[in-house]
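Since the structure comes first, as structure tokens, the remarks are kept for the end.
Heavy atoms only: backbone and side chains are in, while hydrogens, waters and symmetry mates are out.
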Amino acid sequence: MDIEECVEIKEAQWIDVRSPLEYAEGHFQLAENIFLFSDETRALVGTVYKQKGRQEAIERALSLVDFSEIAFRLRKFSLEKPLVIYCARGGMRSQGVGFLAELLGYNKVFLVSGGYKSIRKWNRDQFEKKYKLKILGGRTGVGKTHYLSLLQGIGENVIDLEALASHKGSVFGGIGKVQPTQEHFENLLAYALFTKQRGDCIWVEDESRFIGKVTIPETFFCRMRESSLWVLETLMEARIQRICDDYASEEKNELTKAIEKLRKRLGSVSTGQALLCLEQNDYKKCCEILFSHYDKRYDYDLSKRESFFINKLEIQGKREEEVLRELVEKK
């Protein structure tokens, strides 16, 4: 079945039958890995295929697969709901597991035509669509992620790019985080866009092209830069307090490593001062020094935007409900 039809199947149970390494590199967001071949078996079968041909490879594969184990793992899925199964290209692996599922009593089994390769193409197609975006921006510590969460709480369409990337965006954003691969980040973003596309608009946070080690797909990033930007503004004291609340509990050695990454941009003197403040537990002063870098960087980036796309919103002294109302109502 075509991928476009598969993603529309209600209550579908997705199964990725590729090897664990293939799955770890990237997979459809809803899919669970019920692998037909282990990584070692897949490598061995591939070698046999190259050396002795297709038939020999099939026979070797059949001798190595534990079908009773696969059947046991399949039984965890509901018989009442559809199964959507895919492998790398929609070939023998998905066909084999699909046949086994039907033997076990699953009467709604669908195979993705073209397999994971077609899913990746479907992902790229999502990035090409013309979404109506609203971008929430502001200097470091203003509370962008917090307000995105509040917007989602009142029913607005929101995609948290930093949550998908498992990174908060700055050199400190990767502390304690394990990021997905670039491939899987794209998978997550594509599916998020698909689930939100029927709404009036989508809120996303103002980001640079890179979020840690992953990159926002170029087409979607260009769409972000062409969209209206709401810039939240508040006093530096409030921003510093928010950052201290977020990071003061982190291990000092991790914070030190993050500050060291800024040495070329901050300069040796400012870097040394920031590290000294950190050592003395003067987090507020440390933030002030770091903000001198981040604020200049953000303001420079903002100066490159078309002014008629920028809406500034002062949030100091306002209740959250008031800020949300202004964001939603402002066109």
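- In the hydrophobic clustering of this structure, M1 groups with V112; members are Ile, Leu, Val, Met, Phe, Trp, Tyr whose side-chain heavy atoms approach within less than 4.5 Å, directly or through other members.
- Criterion: ILVMFWY side-chain heavy atoms under 4.5 Å apart, direct or through other members. Under it, L164 and V214 are part of a common hydrophobic cluster.
- Ion pair R120/D125 not flagged as a salt bridge, since none of the NZ, NE, NH1 or NH2 atoms sits closer than 4.0 Å to an Asp/Glu carboxylate oxygen.
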Can I get a per-line list of side-chain donor-acceptor pairs under 3.5 Å for residues 145-156, giving both atom names and the distance, sequence neighbours left out?
residue: T145; atom: OG1; partner: E205; partner atom: OE1; Å: 3.0
residue: H146; atom: NE2; partner: E320; partner atom: OE2; Å: 2.7
residue: E156; atom: OE1; partner: W203; partner atom: NE1; Å: 3.1

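- In this structure the side chain of W14 never reaches within 4.5 angstrom of the side chain of I85, judged on heavy atoms.
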*Intermediate values then yes/no, side-chain contact (heavy atoms from CB on, under 4.5 Å), Q13 and V84*: CA-CA 6 Å; Q13 303 169 107; V84 177; over 6 Å; no
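- No hydrogens or angles considered: a donor-acceptor pair under 3.5 Å links the side chains of Q182 and E186.
- Contact check for D16 versus F28: no side-chain heavy atoms found under the 4.5 Å cut-off.
- When all heavy atoms are compared, the tightest approach of F110 to P82 is CE1-CB, 3.8 Å.
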*asked:* side-chain contact (heavy atoms from CB on, under 4.5 Å), that's the test. Do Q273 and K285 meet it? Break it down for me.
replied: CA-CA 9 Å; Q273 291 173 342; K285 181 62 178 177; over 6 Å; no
_Applying salt bridge (charged side-chain N to carboxylate O under 4.0 Å, His left out) to D295 and R239, what does each step give before you reach the verdict?_
CA-CA 11 Å; D295 287 357; R239 294 165 52 216; 2.5 Å; yes
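- Summarising the local packing, NZ of K318 is surrounded by more than 12 heavy atoms from other residues, nucleotides or ligands at distances under 6.0 Å.
- In this structure, Y191 and F194 have tilted ring planes: the angle between them lies in the 30° to 60° band.
- Between E32 and K76, at least one side-chain nitrogen of the basic residue sits less than 4.0 Å from a carboxylate oxygen of the acidic one, meeting the salt-bridge criterion.
- Membership of an apolar cluster is not assigned to F210, as no side-chain contact below 4.5 Å to another ILVMFWY residue is traced.
- Taking the charged nitrogens against the carboxylate oxygens, E80 and K108 have no contact shorter than 4.0 Å, which rules out a salt bridge.
- Between the side chains of T219 and E128, a donor-acceptor pair is found at a separation under 3.5 Å.
- Note on Y298 and I135: same hydrophobic cluster, where clusters join Ile, Leu, Val, Met, Phe, Trp and Tyr whose side-chain heavy atoms are under 4.5 Å apart, directly or indirectly.
- A salt bridge is absent between D301 and K296: the closest approach of a Lys/Arg side-chain nitrogen to an acidic carboxylate oxygen does not fall below 4.0 angstrom.
- Side-chain contact check for L262 versus T271: every heavy-atom pair is 4.5 Å or farther apart.
- At most 12 non-hydrogen atoms from other residues, nucleotides or ligands lie less than 6.0 angstrom from CZ of F99.
- With a 6.0 Å radius and a threshold of 12 heavy atoms from other residues, nucleotides or ligands, R225 has its CZ atom above the threshold.
- No side-chain donor-acceptor contact under 3.5 Å links D2 and S113.
- Below 30°, between 30° and 60°, or above 60°: for Y294 and F172 the angle between ring planes is between 30° and 60°, a tilted geometry.
- Taking the side chain as every heavy atom from C-beta outward, N311 and L229 never approach each other to under 4.5 Å.
- For the pair R18 and Y116, the cation-pi test (distance below 6.0 Å, angle within 45°) is passed.
- A salt bridge links R93 with E22: the closest approach of a Lys/Arg side-chain nitrogen to an acidic carboxylate oxygen falls below 4.0 angstrom.
- Between K257 and E260 there is no salt bridge, since none of the side-chain N atoms of the basic residue sits less than 4.0 Å from a carboxylate O of the acidic one.
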*With side-chain contact (heavy atoms from CB on, under 4.5 Å) as the test, would you mind laying out the steps for Y247 and K168 before giving the verdict?*
CA-CA 11 Å; Y247 290 103; K168 294 181 180 179; 3.3 Å; yes
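- The backbone N or O of K213 lies less than 3.5 Å from a partner atom in the side chain of Q179, making a donor-acceptor pair.
- At a cut-off of 3.5 Å, with distance as the only test, a side-chain donor of Q241 or D245 sits close to an acceptor on the other residue.
- Residue S118 holds its OG atom at 9.5 Å from CD of E4, rounded to the nearest 0.5 Å.
- The cationic atom of K81 (NZ for Lys, CZ for Arg) does not lie both less than 6.0 Å from the six-membered ring centre of Y106 and within 45° of the ring axis.
- Ring planes of F220 and F127: tilted class, angle from 30 to 60°.
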